[in-house]
Amino acid sequence: MTGDSREMKVVPVLVPMPAERPYSYVLQEGMEAVPGSIVRVPLGPRQVAGIVWDTPVENIESKRLRQVEEIFDCPPIDETARRFVDWVAAYTLTPPGLVARLLLRAPAAFDPEPWSEGIQLTDVEPDRLTDARRRVLALASEAPAWTRSGLAHAAGVSSTVIDGLKAQGVFETVMLPPRPVVPAPDPSYALPDLMPDQMSAAQVLRDGVASDRPGVTLLDGVTGSGKTEVYFEAVAAALAKGRQVLILLPEIALTQAFLERFQDRFGAKPAEWHSDLAPRMRERVWRQAVEGTVRVVAGARSALFLPFKELGLIVVDEEHDPAYKQEDRVFYNARDMAVVRGHLGKFPVVLASATPSVESKVNAMQGRYTCVELRGRYADAALPELKAIDLRRAPPARGGFLSPALLGPIRETLDRGEQALLFLNRRGYAPLTLCRVCGHRFQCPECSAWLVEHRFRGQLVCHHCGHTEKRPDACPECGTVDHLVACGPGVERIAEEAVSHFPDARTIVLSSDLLGGTKRLRMELEAIAGGEADIVIGTQLVAKGHHFPNMTLVGIVDADLGLANGDPRAAERTFQLLSQVTGRAGRTGKKSRGLIQTYQPDHPVMRAIVSGDSSAFYEREIAERERAALPPFGRLAAIIVSADSRADAEGHARGLRRAAPDSPDIHVLGPAEAPLALVAGRHRFRLLIHGGRRSDIQTFLRAMLASGPKLRGSVRIQVDVDPQSFL
DNA sequence: AGCACGCCGACT
DNA sequence: GTCGGCGTGCTC
């Protein structure tokens with residue numbers, strides 16, 4: 001070796017920005033990095049954390065290279081997690097750097113947690129004993145080490161007592177390792193008492209975990225059939241094997257009640273991971289996941305990107321829930337990516353739901369997933385009696401929206417001292433306001449959607465873009481005063497109607513525009529569960545999580561709402577939503593019922609809900625999707641327009657339909673649902689195409705470019721993958 | 001993603 | 001004459 005060519009060690013580093021490939025950096029003298037090491041590197045004017053990657057480094061002029069500043073004292077991100085980042089990046093058309101950023105969401109966690117100072121007993125005897133000293137010494141021998149304040153507090157003495165003993169040498173200082181965020185769960189803490197079908201289902205899941213058999217199991221069980229207890233057995237099996245477990249839940253379902261159920265089974269709570277976790281806790285969970293201290297994490301979708309040391313099972317509860325889709329920056333569906341992570345890590349994945357998504361049903365039918373069904377219900381959770389109210393036969397009184405066939409049962413429920421829930425998935429007072437004189441309709445100036453009246457706030461609000469304006473008294477078109485009429489119902493209007501019928505009942509409206517945010521919402525939900533309301537009128541946020549022990553009547557105000565909005569998943573969503581909402585009435589132990597107001601009592605969704613048998617509904621839905629070449633059957637070019645978010649996409653779709661009337665059917669789905677993307681310009685505009693032949697897509701694009709909205713720059717096809725190729 | 005640079009409209 | 005809008009380009 002010649003003197004001037006001292007060996008320079010160059011490493012690829014994935015930096016947290018939209019780079020298509022890792023950047024190259026030079027290691028300083030004596031630095032040792034392996035793939036997965038977390039490093040601090042200069043990037044432009046600032047310093048960022050990046051991950052040492054393993055794709056070969058290509059030649060960069062050496063004068064452009066900059067040095068790695070620091071290698072963090074942190075276990076390297078493992079091979080599986082790195083392949084997962086690459087996979088997600090390729091599948092979602094996201095630069096790998098941005099995906100890597102999801103893994104690095106806890107900046108302070110790259111340095112080890114500090115050890116804290118503690119004390120432990122020595123052989124030295126104190127010079128004399130006092131009452132306080134006796135208590136301290138008695139307690140101190142019960143554990144190997146204590147913190148100074150912890151021991152003082154436990155013994156009920158001032159910490160000066162400890163200081164005195166320490167000065168004599170009775171205690172000595174020791175360094176204590178960081179405290180685990182949660183105690184270790186014990187897989188055999190409280191073995192459950194399972195019913196026969198739960199037992200066999202649990203056995204299937206346990207076997208999958210025990211035999212290290214990777215693969216996906218769809219756990220399909222009606223509300224109240226005990227799915228949670230069943231998948232807890234899979235969790236127990238994974239824990240017993242020394243593996244970590246991730247339980248994914250839609251954010252709203254991550255409740256105290258769930259954590260307590262887990263604690264009842266395993267003797268300790270799981271670590272939590274969600275968006276409003278305190279930063280300090282977030283860092284501790286991240287660090288303890290990578291070090292393997294934390295054994296079970298219950299988290300929202302972003303928990304999928306925690307750098308687990310030895311993950312051995314993922315459970316996706318409520319797998320059908322749209323909250324698993326992330327539609328900003330990195331577009332992904334956490335349920336699908338969980339399947340991928342399991343596949344790459346060669347461990348099992350359990351998808352649980354009472355109303356599985358059509359995709360998962362198809363995957364189960366076609367043998368990609370193992371299907372485990374739970375049919376039975378606990379005795380004390382008998383199904384509610386469900387009935388459709390045919391609004392053509394029993395119409396509401398003029399100007400109202402509640403049928404006499406629903407009002408009667410509400411009265412009876414109130415008379416029994418029980419609670420009623422009226423469900424309407426529409427915020428505000430009325431979805432449309434018009435002028436009775438000239439017919440003017442209030443529209444959003446930004447996006448041309450109808451403005452929704454919010455009477456409590458005295459505003460007109462666009463539910464699309466958030467635009468608000470004051471509700472005027474006069475028509476802006478013809479100037480006539482006091483002739484504006486509200487059309488159609490929203491929850492506020494239903495509340496008004498309920499109050500007029502039942503003035504003595506305590507009525508409450510629950511919707512996401514409730515002032516006071518999630519905290520207030522949680523309090524309201526608890527108050528309702530505690531019996532502080534008689535009639536609850538709510539949007540879809542009442543569908544999840546909470547148990548209302550005295551809720552014996554559920555009325556669906558407009559079951560048809562949402563069936564006719566052009567969304568290819570409209571029927572599926574409605575089925576899932578209605579079945580969750582009617583399920584709110586089924587867990588009381590008392591006789592309960594669900595009444596469903598509809599103009600289409602023969603619609604497959606209504607039949608499925610009322611009969612409790614969804615098989616015909618799924619069959620039809622699958623056939624329909626297959627015919628229309630919609631997901632999960634992406635064979636033909638079903639064109640989906642999308643942009644940076646679903647709301648944006650709706651706007652683009654409207655523009656596109658106007659500009660290119662000959663374009664194929666345009667279905668708007670969120671970006672997270674579409675694996676093949678055409679990118680026009682840079683960020684502005686994204687067309688996502690589900691399935692389809694490249695030639696069809698190009699034909700469509702050519703037509704669109706000729707007649708469509710102005711597209712910046714060139715249009716290119718980035719990726720071409722089959723939506724199910726990961727299985 | 002962040003950040004700098006750069007080129008056209010309303011202001012002390 | 002400048003402040004500041006956001007369009008464009010770059011980061012090993």
Side-chain angles (χ1 to χ4, degrees), chain A residues 5-29 31-72 76-77 82 85-86 88-110 275 279 282 286 301-302 304-305 307 326-332 446 465 642-645 648 651-652 671-672 677 679-686 709-716 718:
Chain A
S5 70
R6 217 165 7 118
E7 204 62 24
M8 266 205 319
K9 271 193 261 175
V10 178
V11 286
V13 175
L14 212 45
V15 286
M17 54 142 220
E20 284 302 332
R21 50 192 180 69
Y23 282 177
S24 303
Y25 287 88
V26 185
L27 287 180
Q28 292 179 29
E29 264 319 295
M31 275 186 171
E32 293 291 337
V34 296
S37 296
I38 300 182
V39 294
R40 185 159 55 84
V41 292
L43 182 69
R46 60 217 159 99
Q47 301 263 316
V48 296
I51 310 176
V52 175
W53 220 240
D54 27 24
T55 33
V57 192
E58 84 253 36
N59 285 329
I60 299 276
E61 314 152 58
S62 58
K63 62 175 177 161
R64 284 180 68 199
L65 291 177
R66 299 172 77 182
Q67 279 189 337
V68 172
E69 295 285 339
E70 177 187 2
I71 296 176
F72 288 104
I77 304 299
R82 297 199 307 276
V85 168
D86 284 335
V88 173
Y91 186 75
T92 63
L93 314 168
T94 312
L98 282 189
V99 180
R101 214 171 64 120
L102 298 176
L103 251 133
L104 301 172
R105 282 275 176 84
F110 309 148
S275 59
R282 189 179 193 79
W286 192 96
R301 61 179 184 237
S302 60
L304 193 54
F305 290 92
Q326 169 149 74
E327 300 202 342
D328 61 87
R329 287 156 224 234
V330 183
F331 309 114
Y332 65 92
E446 314 292 335
C465 67
S642 188
D644 288 345
S645 70
D648 238 23
H652 284 306
V679 177
R682 293 238 291 150
H683 318 288
R684 296 262 114 194
F685 206 114
R686 252 181 159 202
K710 273 178 226 140
L711 296 180
R712 275 167 200 286
S714 61
V715 175
R716 69 201 159 95
Q718 275 200 330

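From a predicted model like this one, the values you see are computed outputs, not experimental measurements. Numbered from 1 within each chain, the chains take letters A, B, ... in sequence-line order.
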Rounded to whole Å, CD of E61(A) lies from C1' of dT11(C) at a distance of 14 Å

For residues 36-53 of chain A, the salt bridge (Lys or Arg N to Asp or Glu O under 4.0 Å) pairs (sequence neighbours left out) are R40(A)-E70(A)

side-chain N/O R66(A) vs dC12(C) OP1/OP2, d < 4.0 Å: yes

Between dC12(C) atom P and I51(A) atom CD1, what is the distance in whole Å? 18 Å

Gap between atoms CD and P, on E20(A) and dA1(B) respectively (whole Å): 13 Å

How long is the line joining CE of M17(A) and P of dA1(B), in whole Å? 11 Å

Counting the atoms with a prime plus P, OP1 and OP2 as sugar-phosphate, which does L65(A) contact under 4.0 Å by heavy atoms, base, sugar-phosphate, or nothing? sugar-phosphate

Taking the side chain as everything from C-beta on, heavy atoms only, tell me whether V48(A) gets closer than 4.5 Å to V41(A). yes

So, taking the atom named CG in L304(A) and the one named CD in Q326(A), what distance separates them when rounded to the nearest 0.5 Å? 10.5 Å

Kindly say whether E69(A) contributes a backbone atom to a donor-acceptor pair with the side chain of Y25(A) at under 3.5 angstrom? no

Rounded to the Å, how far apart are L98(A) CG and dT11(C) P? 17 Å

For S37(A), run the side-chain contact (heavy atoms from CB on, under 4.5 Å) check against V52(A), I77(A), V68(A) and tell me which one passes. V52(A)

Near-strand residues of residues 36-49 of chain A, defined as heavy-atom separation under 4.0 angstrom from DNA chain C: P42(A), L43(A), G44(A)

The criterion is salt bridge (Lys or Arg N to Asp or Glu O under 4.0 Å); which residues satisfy it with R21(A), sequence neighbours excluded? E58(A)

Can you check the Y23(A) OH to dT11(C) C1' distance for me, whole Å? 5 Å

Value in whole Å for how far the C1' atom of dC12(C) lies from CH2 of W53(A): 17 Å

